[in-house]
Asker: 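This structure is in C-alpha cells; I'll ask about it shortly.
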Amino acid sequence: MEIGIVGKPNAGKTTFFNAATLSNATVANYPFTTIEANVGITFVKTKCVCREFGVKCSPKNSKCINGYRFIPIKIIDVAGLVPDAHKGRGLGNKFLDDIRKADVLIHVIDASGSTDEEGRVYKPGSYDVTKDVIFLEREIDLWFFNIIKKHWEKILRKIKGENLDFVKYFTEKFSGLGVREEHVRKALTMIKKDIYNFDENDLFEFSKTLREISKPIIIAANKIDIDISEENLKILKKRFPDKIIIPVSALAEYVLRKYDKERKIEYIPGESSFKILKKLSEKDMKILNFIEKNILKKYKSTGVQDCINVAVFDVLKKIVVYPVENENSLTDKHGNVLPDAFLMNKDATPLDLAYKIHSDLAKGFIAAIDIRTKKRLSKEYKLKDGDVIKIYFKL
Ligand SMILES: Nc1nc2c(ncn2[C@@H]2O[C@H](COP(=O)(O)OP(=O)(O)OP(=O)(O)O)[C@@H](O)[C@H]2O)c(=O)[nH]1
Ligand SMILES: [Mg+2]
C-alpha cells in the first residue's frame with residue numbers, strides 16, 4: 001500500500017509529509033524545494049481490539065497507543081506540478097513516475113490562496129483556489145493518458161493477433177501503474193464502447209476513468225490556520241460537492257508531533273487535544289494556544305491523520321484484521337499479544353490472510369477460527385474490520 005502526495009509547488013506537500021512521518025525533509029517558502037521524492041512511513045490509525053478483549057498489546061508490525069492501533073504505510077512526497085507539466089513545463093511530470101504505484105493520492109492545496117499555480121507567493125486570498133483542483137487533476141490524467149496512449153495500438157494488435165484477453169494483458173502491461181484487473185473491468189463497463197473503435201477522446205476518457213478508479217484523489221485543504229482559508233474551504237466544498245475535501249494544517253500537526261517527541265506535550269496524532277507536560281516558554285505557549293483555538297477547537301483535528309485514515313478506510317475501503325496463534329492468550333508463539341494488525345481488502349478471506357502472513361500457511365491451510373465466537377470459518381468467509389483470527393494449517 002502506498003499513498004502519494006501531489007500538488008503544485010509551495011502548497012505544503014513536504015510539510016504534510018514531515019508531519020505524517022515526523023521527518024525533516026527540506027521545507028521552504030519558494031517553489032521546487034523538493035526535487036527528489038521523499039519516501040517515508042506514516043501510520044493509519046484505528047481503534048485497537050485490545051480494550052475490548054481486556055489485554056495489553058505487545059505489537060510487532062504496528063504500534064498501539066492508548067487503545068489506538070497505528071499501522072504503517074508507505075507515503076511519497078514528490079516535486080510540485082505546474083500547469084502544462086505534461087508538455088515539460090516546470091520540472092515536467094517525469095517525477096510523477098515516483099508515485100506510479102500509489103494506490104491513492106492526497107492532493108495538497110494551499111487553501112489560503114497565497115500561492116499561484118507556479119507556487120509564487122502572494123497576499124493570502126489573492127489566488128482562486130478552485131483552479132488548483134482542476135489543473136492538477138488534469139495534469140495527472142494527461143500523464144496517465146500519455147503512458148497508455150504510447151502502447152495502445154501495439155496492445156490492440158497483440159491481443160487481436162494472439163487472441164489474448166484484453167483485461168488480463170492490459171493489466172499485466174500496466175501493473176507498474178498500480179492498475180488491477182478489477183479496475184480495468186470497471187473502467188470498460190463505464191465507457192461502454194468497443195475498444196477497437198476508440199478514438200483519441202474515448203481513449204482519454206478511458207484513461208481518465210481508469211486513473212480515477214486506480215488512483216483516487218482526496219483533497220487536503222492545507223494552511224487552514226490562515227484566516228481566509230475558512231472562506232476558501234466553503235468555496236471549494238460548494239464548487240466540488242462530490243470530492244472529499246479535508247481541512248488541514250500540516251504545519252500545526254508537525255509542531256504537535258515534534259513537541260510530543262520532545263516531551264513538551266502529550267499528543268496522539270489525529271486527536272482534538274493535547275496535554276502540556278512541563279512548563280513551557282512563552283513562545284511555545286503562544287504557538288500551542290494558537291493551534292488549540294484556531295485549529296483543534298474549530299476543526300476537531302489538524303486534518304493530517306484524517307486524510308490518511310479517509311484515504312485508507314473510506315476510499316480504499318481497507319479493513320484491519322488481527323491474526324493470532326493462541327486463541328486464549330491472543331498471542332503469537334513468542335507470547336506477543338495481538339502481535340500483528342494487517343490491512344486487507346474488504347472482500348478478503350481467511351485464505352487471503354494466510355497468504356499475507358506466509359505462503360506456507362496458505363498452502364497448508366486447514367481452517368480459520370473467529371476468536372470472538374470460537375466458530376470455524378469457511379475459506380470463503382469475508383473478513384470483517386476488527387476480526388481476530390486463528391488459522392489452522394499443516395506444513
Ligand atoms: N501557515 C501554514 N503554512 C504552511 C503549512 N504547510 C506548509 N506551509 C508553508 O508553506 C511553504 C511551502 O511548504 P513546503 O512543505 O516546502 O511545500 P511543498 O509543496 O513541498 O513545495 P515544493 O517542494 O516547492 O513543491 C513553507 O513556507 C511552509 O512553512 C500550513 O499548514 N500552514
Ligand atoms: Mg516539497
Side-chain angles (χ1 to χ4, degrees), residues 2 4-14 16-17 28-39 76-102 104-110 113-122 126-156 170 173-174 176-179 183 187 191 195 198-220 222 236 239-240 243:
E2 286 182 26
I5 306 174
V6 292
K8 71 181 182 187
N10 230 348
K13 299 178 297 299
T14 303
F16 187 104
F17 171 87
N29 197 15
Y30 48 79
F32 299 119
T33 308
T34 308
I35 295 174
E36 294 297 329
N38 297 303
V39 182
I76 304 167
D77 159 43
V78 295
L81 201 63
V82 297
D84 283 341
H86 72 283
K87 290 183 189 155
R89 287 200 61 235
L91 293 177
N93 63 6
K94 285 181 206 66
F95 58 83
L96 277 176
D97 284 344
D98 294 325
I99 48 142
R100 64 191 176 274
K101 275 197 151 304
V104 58
L105 302 176
I106 297 178
H107 176 192
V108 176
I109 67 171
D110 174 353
S114 51
T115 39
D116 71 2
E117 56 270 72
E118 318 275 326
R120 286 180 294 245
V121 180
Y122 292 93
S126 48
Y127 176 78
D128 173 5
V129 289
T130 61
K131 276 163 59 180
D132 284 359
V133 177
I134 295 162
F135 100 72
L136 195 112
E137 289 194 10
R138 189 170 157 76
E139 287 304 326
I140 290 186
D141 288 340
L142 283 165
W143 162 69
F144 217 74
F145 168 62
N146 283 327
I147 295 172
I148 292 173
K149 190 172 129 187
K150 212 165 116 192
H151 301 276
W152 187 249
E153 291 299 327
K154 229 165 116 188
I155 290 172
L156 290 189
F170 183 92
K173 192 96 195 148
F174 294 110
L177 275 178
V179 169
H183 299 154
I191 294 299
I195 46 169
F198 273 10
D199 59 20
E200 178 116 344
N201 281 338
D202 298 326
L203 188 58
F204 178 74
E205 276 312 308
F206 171 68
S207 312
K208 183 177 159 63
T209 309
L210 188 61
R211 197 283 300 155
E212 282 166 357
I213 298 168
S214 62
K215 276 190 209 313
I217 298 178
I218 66 167
I219 297 167
N222 192 34
L236 282 164
R239 175 75 204 279
F240 306 107
K243 293 190 191 293

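Numbers here simply count residues along the sequence, with the first being 1.
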Asker: Decide side-chain contact (heavy atoms from CB on, under 4.5 Å) for Trp143 and Leu177; before the verdict, give the C-alpha distance in whole Å, the side-chain angles of both, and the deciding distance to 0.1 Å.
Answerer: CA-CA 11 Å; Trp143 162 69; Leu177 275 178; 4.1 Å; yes
Asker: Show me the pairs that pass salt bridge (charged side-chain N to carboxylate O under 4.0 Å, His left out) and involve residues 137-148, at least two apart or across chains.
Answerer: Glu137-Lys243, Asp141-Lys208, Asp141-Arg211
Asker: Does any N or O in the side chain of Lys215 come within less than 3.5 Å of the main-chain N or O of Ala102, such that one atom is a donor and the other an acceptor?
Answerer: yes
Asker: Taking side chain as C-beta onward, heavy atoms only, is Glu2 less than 4.5 Å from Ile76?
Answerer: yes
Asker: Okay, side chain of Asp84, backbone of Lys87: is any donor-acceptor separation there less than 3.5 Å?
Answerer: no
Asker: Rounded to the nearest 0.5 Å, what separation is found between the NZ atom of Lys13 and the CG atom of Asn222?
Answerer: 10.0 Å
Asker: Start with the C-alpha gap between Thr130 and Phe240, add the side-chain angles, then the distance that decides, and say whether side-chain contact (heavy atoms from CB on, under 4.5 Å) holds.
Answerer: CA-CA 9 Å; Thr130 61; Phe240 306 107; 3.9 Å; yes
Asker: Between the side chain of Arg100 and the main-chain N/O of Gly178, is any donor-acceptor distance below 3.5 Å?
Answerer: no
Asker: Counting only N and O atoms by type, is there a donor-acceptor contact under 3.5 Å from the side chain of Asp202 to the main-chain atoms of Asp199?
Answerer: yes
Asker: If I take atom CD1 from residue Ile106 and atom CG from residue Asp77, how far apart are they, to the nearest 0.5 angstrom?
Answerer: 11.0 Å
Asker: Only counting residues at least two apart or in another chain, list the ones meeting ring-ring contact (aromatic ring centres under 6.0 Å, His included) with Phe198.
Answerer: Trp152, Phe206
Asker: Using the rule given for side-chain contact (heavy atoms from CB on, under 4.5 Å), can you reason through Leu105 versus Ile140, listing the C-alpha separation, both sets of side-chain angles and the distance that settles it, and then say yes or no?
Answerer: CA-CA 10 Å; Leu105 302 176; Ile140 290 186; 3.9 Å; yes
Asker: When you measure from the centre of the six-membered ring of Tyr127, is the NZ or CZ of Lys8 closer than 6.0 Å and no more than 45° off the axis?
Answerer: yes
Asker: Output the distance between atom CD (Glu117) and atom CG (Asp128), rounded to the nearest 0.5 Å.
Answerer: 9.5 Å
Asker: Looking at Tyr122, is its backbone amide N or carbonyl O close enough to the side chain of Ser126 to form a donor-acceptor pair, meaning the two atoms are under 3.5 Å apart?
Answerer: no
Asker: What's the separation between atom CG in Asn29 and atom OG in Ser114, rounded to the nearest 0.5 Å?
Answerer: 8.0 Å
Asker: Kindly compute the distance separating CZ (Phe135) from CG (Leu142), expressed to the nearest 0.5 Å.
Answerer: 12.0 Å
Asker: Say whether, by atom type as modelled, one donor and one acceptor occur between the side chain of Asp110 and the main chain of Ala11 under 3.5 angstrom.
Answerer: no
Asker: Could you pull out all residues at least two apart from Phe174 that satisfy ring-ring contact (aromatic ring centres under 6.0 Å, His included)?
Answerer: His151, Phe170
Asker: Rounded to the nearest 0.5 Å, how far does CG of Leu210 lie from CZ of Phe145?
Answerer: 13.0 Å
Asker: Any heavy-atom pair between the side chains of Leu236 and Ile109 that's under 4.5 Å?
Answerer: yes
Asker: Please step through side-chain contact (heavy atoms from CB on, under 4.5 Å) for the pair Val78 and Ile5, ending with a clear verdict.
Answerer: CA-CA 7 Å; Val78 295; Ile5 306 174; over 6 Å; no
